[in-house]
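The model shown is predicted, which means the values in this text are computed figures rather than measured ones.
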Amino acid sequence: MEQQRAYMLREMPENERPRERMRSRGAAALSHAELLAILLRTGTKNESAIHLAQRVLNECGGLRRLAERAWDELIHIKGIGPAKALELQASIELGRRMARARLPEMPRIQRPQDASELLMEEMRHLREERFVCLFLDTKNQVIGMDTLSVGSLSAAIVHPREVYRAAIRRSSASIICAHNHPSGDPTPSAEDIALTRRLAEAGQLVGIELLDHLVIGDNRFVSLKELGSM
C-alpha cells in the first residue's frame with residue numbers, strides 16, 4: 001500500500017504537488033481539493049490524497065456541506081478514518097473561530113510621542129543597541145514591528161536594504177525607525193544622523209516614507225524629524 005501511494009505521488013510533476021505549489025505560490029493559489037489533500041496527507045490504496053480530497057468534496061456536496069458533516073458521518077466516507085475525521089473537524093472549527101475573531105485595534109501614530117510610548121519600556125533598559133522598525137499602513141496605524149539589528153554596547157548596524165526589504169514584505173505605506181542608547185542619553189550621534197538620511201533617501205526611491213527615526217534613552221527620546229536631521 002505504501003509503495004503504491006509513493007508511486008502515485010511520483011507520477012505527478014513536482015511543481016503540481018499541493019505542498020510544493022503552496023510553498024512556491026501560497027495557499028490562495030490552491031484549489032479546495034488541494035488544500036484538503038494537504039490536511040488529509042495520504043490517500044487510499046487506489047487513489048492519491050488529491051483524488052480522495054476531490055471525492056470527499058463531491059460526496060459531501062462541496063466545502064460548505066463538508067463543514068456541516070458530523071464526525072460519525074465523516075468516518076463513513078471511504079478513506080476517512082476516525083483520526084482524519086477529527087483532524088478535518090478541528091481544521092473547520094479553527095476556520096470558524098478565525099472568522100469570528102476580531103483583530104486587535106492597532107495603535108495609530110500621530111506624533112513622535114506615540115511611537116516612543118510604544119517602544120520606551122521595552123527598549124530603555126537594554127544593555128546593547130537594538131534597531132527596531134514600526135511598519136505603518138496608509139492611516140499611520142501600526143501593522144507590525146521587527147527588531148532588525150542587535151549590536152554591541154555602543155553600536156547597532158543596519159543597512160537600508162534590510163529595513164525596506166522588511167517594509168515591502170509587510171506591505172507598509174510608511175515606517176518609523178528607532179534604536180536605543182544603552183547609556184541612557186538619547187543625544188543622536190553623527191552616525192545616527194547619517195543613517196537617518198540614508199534611510200530617508202532609500203525610502204524615497206522605493207516609495208515607502210520614513211516618517212521618523214527615534215533615539216530611545218532612559219525615559220527620554222529624541223525625534224530626528226523634530227531635530228531637523230532628516
Side-chain angles (χ1 to χ4, degrees), residues 23 26-28 94-95 97-230:
R23 188 179 299 117
L94 276 174
R97 294 185 186 188
M98 289 181 66
R100 294 194 300 264
R102 292 183 178 181
L103 288 173
E105 189 171 344
M106 297 297 187
R108 187 174 181 179
I109 307 299
Q110 296 179 302
R111 56 196 180 123
Q113 183 74 26
D114 297 334
S116 73
E117 289 175 357
L118 193 61
L119 299 168
M120 182 65 70
E121 286 308 309
E122 182 178 346
M123 300 184 71
R124 60 184 291 205
H125 297 306
L126 294 173
R127 294 187 177 184
E128 70 286 317
E129 283 197 11
R130 293 192 186 182
F131 190 94
V132 174
C133 192
L134 298 177
F135 307 105
L136 285 69
D137 63 14
T138 55
K139 297 180 180 179
N140 283 2
Q141 289 182 310
V142 177
I143 56 176
M145 178 175 72
D146 275 344
T147 298
L148 300 181
S149 175
V150 178
S152 63
L153 184 64
S154 61
I157 301 171
V158 69
H159 194 281
R161 67 170 169 265
E162 298 165 354
V163 174
Y164 287 102
R165 183 185 298 125
I168 291 168
R169 192 165 58 243
R170 298 280 191 140
S171 300
S172 308
S174 58
I175 60 172
I176 294 175
C177 297
H179 77 280
N180 63 300
H181 281 181
S183 66
D185 180 2
T187 303
S189 66
E191 290 80 8
D192 295 337
I193 294 170
L195 172 60
T196 303
R197 290 173 177 165
R198 289 201 305 275
L199 288 168
E201 290 170 0
Q204 290 176 352
L205 290 174
V206 299
I208 300 176
E209 184 182 1
L210 174 68
L211 296 181
D212 208 340
H213 181 187
L214 305 184
V215 183
I216 306 291
D218 185 5
N219 214 29
R220 297 180 292 158
F221 78 95
V222 170
S223 159
L224 277 92
K225 182 175 183 178
E226 289 184 340
L227 204 63
S229 299
M230 290 179 56

What is the minimum heavy-atom distance between Ala173 and Asp137, and which atoms define it? CB-C, 3.6 Å
Rounded distance [0.5 Å steps], CZ in Phe221 versus CD in Gln113: 4.5 Å
Whether the Asp185 and Thr187 side chains hold a donor-acceptor pair (N or O, under 3.5 Å, no angle test) is what I'd like checked. yes
Lys225 backbone acceptor or donor facing Asp212 side chain under 3.5 Å: yes
Please say whether more than 12 non-hydrogen atoms of neighbouring residues, nucleotides or ligands are located less than 6.0 Å from CE in Met230. yes
Around atom CD of Glu117, are there more than 12 heavy atoms from other residues, nucleotides or ligands closer than 6.0 Å? yes
Decide yes or no for Asp218 and His125: does some side-chain heavy atom of the first lie under 4.5 Å from some side-chain heavy atom of the second? yes
Please find out if less than 6.0 Å separates the ring center of Phe131 from that of His213. yes
Taken to the nearest 0.5 Å, the spacing of His159 NE2 from Arg161 CZ works out to 4.0 Å
Which heavy-atom pair separates Leu199 from Pro160 by the least distance, and what is that distance? CD2-CA, 3.8 Å
Any sub-3.5 Å donor-acceptor pair from Ser223's side-chain atoms to Glu226's backbone N or O? yes
Counting N and O atoms only, with roles assigned by atom type, does the side chain of Asp146 sit under 3.5 Å from a partner on the main chain of Leu148, one being a donor and the other an acceptor? no
How far apart are the C-alpha atoms of His179 and Val132, what are their side-chain angles, what is the distance that settles it, and do they pass the side-chain contact (heavy atoms from CB on, under 4.5 Å) test? CA-CA 6 Å; His179 77 280; Val132 174; over 6 Å; no
What are the two closest heavy atoms between Pro186 and Val222, and how far apart are they? O-CG2, 3.5 Å
Taking every non-hydrogen atom, the tightest pair across Cys177 and Leu210: SG-CD1, 3.8 Å
So CD1 of Ile168 and CD1 of Ile208: to nearest 0.5 Å the spacing works out to 5.0 Å
For Phe135, is there any backbone N or O sitting under 3.5 Å from a side-chain donor or acceptor partner on Ser172? no
Kindly determine whether Ile109 and Ile176 satisfy side-chain contact (heavy atoms from CB on, under 4.5 Å), including the steps that lead there. CA-CA 9 Å; Ile109 307 299; Ile176 294 175; 3.4 Å; yes
Output for pair (Asn180 CG, Leu119 CG), nearest 0.5 Å, gives 10.0 Å
When every non-hydrogen atom of Glu128 is compared with those of Gly151, the smallest separation belongs to CB-O, 3.3 Å
In Å, rounded to the nearest 0.5 Å, how long is the span from CG of Leu126 to CD1 of Ile216? 10.5 Å
First locate atom CZ of Arg108, then atom CG of Asn140, and finally report the distance between them rounded to the nearest 0.5 Å. 6.5 Å
Which heavy atom of Ile143 sits nearest a heavy atom of Ser171, and at what distance? CD1-O, 4.2 Å
Please report the C-alpha distance between Glu129 and His181 in whole Å, then the side-chain angles of each, then the deciding distance to 0.1 Å, and finally whether the side-chain contact (heavy atoms from CB on, under 4.5 Å) criterion is met. CA-CA 6 Å; Glu129 283 197 11; His181 281 181; 3.4 Å; yes
Any Asp114 side-chain heavy atom under 4.5 Å of Pro107 side chain: no
